[in-house]
Amino acid sequence: MVPLKRRKTDSGSVRCDDNEVIRFPHVVIFLLERKMGSSRKAFLTRLGRRKGFRIEESYSQAVTHVVSENNSGREVRAWLESQAPAGSTEVPVHLLDISWFTESMQAGRPVDIQDRHRLQVTLEPGPKAVMITLNGYACQRRTPLQHHNTVLTEALLVLAENAEFCEDEGRNIAFKRAVSVLKALPQAVRKMGDLQGLPCLGEHSQRVIKEILEDGKSREVETTLQSEQYQAMKSLTGIFGVGVKTADRWFREGLQQPSDVARSGQRLNHAQQAGLQYYNDLNTPVTKAEADVISRIVEGVVQEVLPGAEITLTGGFRRGKQTGHDVDFLISHPEEGREEGLLPKVVSLLETQGLLLYQKTTRNSYLETKEGPARPPSNMDRFERCFSIFKLERPRHSTSPEEPPQAACEESPRGEDSALEQLAGERQDWKAVRVDLVVTPVSQFAFALLGWTGSQLFERELRRWAGQEKNMSLSSHALFDNKRKQYLRASSEEEIFAHLGLEYIPPCERNA
Ligand code: UTP
Ligand code: MN
């Protein structure tokens, strides 16, 4: 081997002339020559490489940061789309202004990306069109509950769900991201041009949208909805306690519906037995009125066990939804430590009052370590928690469907046979409702509140933002700065958004 030619630099450190050391392998930069010119590009390339940056000669899928000078976001995106086949740009590439590059050169490392560094990608304004700018992460956008593109989102959600049933997580998330972009649009999409410049719309999603805009429906969605496998997976995963893996095994054994499972003599765990028994109720949406009744019951029991403890309704209802699949509560006490041992007492009191049809309580297993959370950051939280099914009395002499139901305090005389009745659709004077009770120490309350308010995609995007953009790990317990090796405390959701460098988004706009 011929040794590489080496020379001393001014600072005295040794480097290779043709083979600079890459100090930041995760940052792969491409400098756009357009409007920059070849000689300036060559100069900046040499400068960057001398400082240990990886700068590519030509654009490829490996590039993470596209830097340009005097180009608009739309121009760069159009260029990017001409480089990469449509849909392959779903892995977000940062489109950055030269200011990010020069600041990074000064700092001697890639500086954190601020909004001012990003090129704004806007829609081409039509004659009367509104300028639409959407950021790439759902946690940077406001997503209301009511939106203008339900026909499109419902279709894409079928494909997302089907991908989940096929355990294709990448595809599942890609469709969900596309859905969440459509939900955030201030108006209905009427033509494909309306989508220009928007993030997260891959080739597949665009194909489906195009078909719906042109023909009113998508063949792929129709076929999926009619497929035996989709229908079976949908009803089987609708059983509380049954996940995709179990449902898929049952389907391959020839089971298609809950009644098939009941007849088949499958070994079922307690959760699945309850899931089967209360199948119809648990697949009937829980109303806000019912959630409010349950709130009052839980509040009463919690106060009886520990005066001063506080309960908070979270999940979809906190985001303003009028129905949900369950009711989620956080329980805490303003004095740290007082919440310990609370949950078993609450559960036992609820049980004595005949209010629980099923419950499984898990203990708190969260431990904070100096080195930060275990990596990769797990999104499973470790709170003391009770998954339960409440027995909620239906309003007895109600003439108005609006009147909220009461709690059922006595055993139903028909209790044991209810599985068959439920599956047969017979109406009882009570309703089974899924309720999650989660206990949090007050020091983790803000994180738990943010984590349990959802939506699921919003949470996922928050964690992705924290990791990829901020080098931080976010969970429902804490926020850890991996660079400074320290936990960032917060007593409100606003403070957490601020730590993350994000604009605060209120719960009703987290419906991503
Ligand atoms: P849900 O699954 O209850 O969703 O989780 P939701 O938004 O309330 O929707 P519906 O109306 O019930 O169908 C609420 C939030 O709690 C988090 C989820 O990520 C979601 O954001 N969660 C749920 C956890 O953090 N851990 C869990 O084990 C379950
Ligand atoms: Mn919920």
Side-chain angles (χ1 to χ4, degrees), residues 22 24-49 53-105 110-127 129-138 140-141 174 177-178 181-182 184-185 189 191-207 209-210 464 468-469:
I22 292 170
F24 317 103
H26 301 305
V27 175
V28 184
I29 301 172
F30 177 74
L31 296 169
L32 190 60
E33 195 177 303
R34 189 174 185 274
K35 295 193 184 170
M36 181 185 279
S38 58
S39 56
R40 180 155 163 82
K41 175 178 170 169
F43 163 75
L44 294 173
T45 302
R46 282 196 304 275
L47 177 70
R49 286 181 180 164
F53 286 76
R54 180 171 163 197
I55 302 184
E56 301 286 276
E57 282 304 340
S58 50
Y59 182 79
S60 76
Q61 288 284 296
V63 169
T64 57
H65 294 53
V66 171
V67 174
S68 70
E69 198 167 23
N70 300 324
N71 282 264
S72 73
R74 193 161 44 77
E75 288 169 311
V76 177
R77 170 140 319 254
W79 166 82
L80 187 64
E81 267 155 16
S82 72
Q83 297 300 303
S88 63
T89 54
E90 265 184 359
V91 178
V93 179
H94 299 295
L95 303 187
L96 302 171
D97 181 59
I98 191 74
S99 58
W100 174 83
F101 187 84
T102 47
E103 283 173 40
S104 297
M105 292 305 112
V111 297
D112 285 350
I113 297 171
Q114 312 283 335
D115 273 343
R116 63 190 162 80
H117 296 133
R118 285 180 205 284
L119 297 180
Q120 297 292 310
V121 177
T122 52
L123 277 185
E124 176 89 283
V130 187
M131 293 272 281
I132 300 165
T133 312
L134 282 190
N135 286 310
Y137 288 83
Q140 297 174 291
R141 307 189 292 254
R177 290 212 179 107
V181 162
L182 295 173
L185 292 177
V189 173
K191 53 184 190 318
M192 288 310 279
D194 295 348
L195 303 175
Q196 211 188 331
L198 293 178
C200 304
L201 293 170
E203 184 264 331
H204 197 157
S205 296
Q206 292 199 31
R207 198 168 65 224
I209 295 171
K210 186 161 185 279
R464 189 166 75 92
Q468 293 188 354
E469 305 294 328

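Contact detail for P110 and V27: the closest heavy-atom pair is CG-CG2, 3.8 Å.
Between L31 and F101 the shortest side-chain heavy-atom distance falls below 4.5 Å. Considering only heavy atoms from C-beta on, N70 stays 4.5 Å or farther from M36 through its side chain. Residues F30 and V93 fail the side-chain proximity criterion, which asks for heavy atoms closer than 4.5 Å.
Looking at E33 and R40, no side-chain N of the basic residue comes within less than 4.0 Å of a carboxylate O on the acidic one, giving no salt bridge. For the pair R118 and E469, the salt-bridge criterion is met [side-chain N within less than 4.0 Å of a carboxylate O]. Between R34 and E69 no salt bridge is recorded (no basic side-chain N to carboxylate O distance below 4.0 Å). Using a 4.0 Å cut-off between charged side-chain N and carboxylate O, E103 and R116 make a salt bridge.
Side-chain N or O atoms of R49 include one that pairs as donor or acceptor with a backbone N or O of I55 at under 3.5 Å.
Taking the ring axis of F24 as reference, the NZ or CZ atom of R54 does not stay both within 45° of it and closer than 6.0 Å to the ring centre.
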* To do: Verify side chain to side chain contact (heavy atoms under 4.5 Å, CB included) between D97 and H117, making sure each step is shown before the conclusion.
  => CA-CA 5 Å; D97 181 59; H117 296 133; 5.6 Å; no
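A centroid separation of less than 6.0 Å is found between the aromatic rings of H65 and W100.
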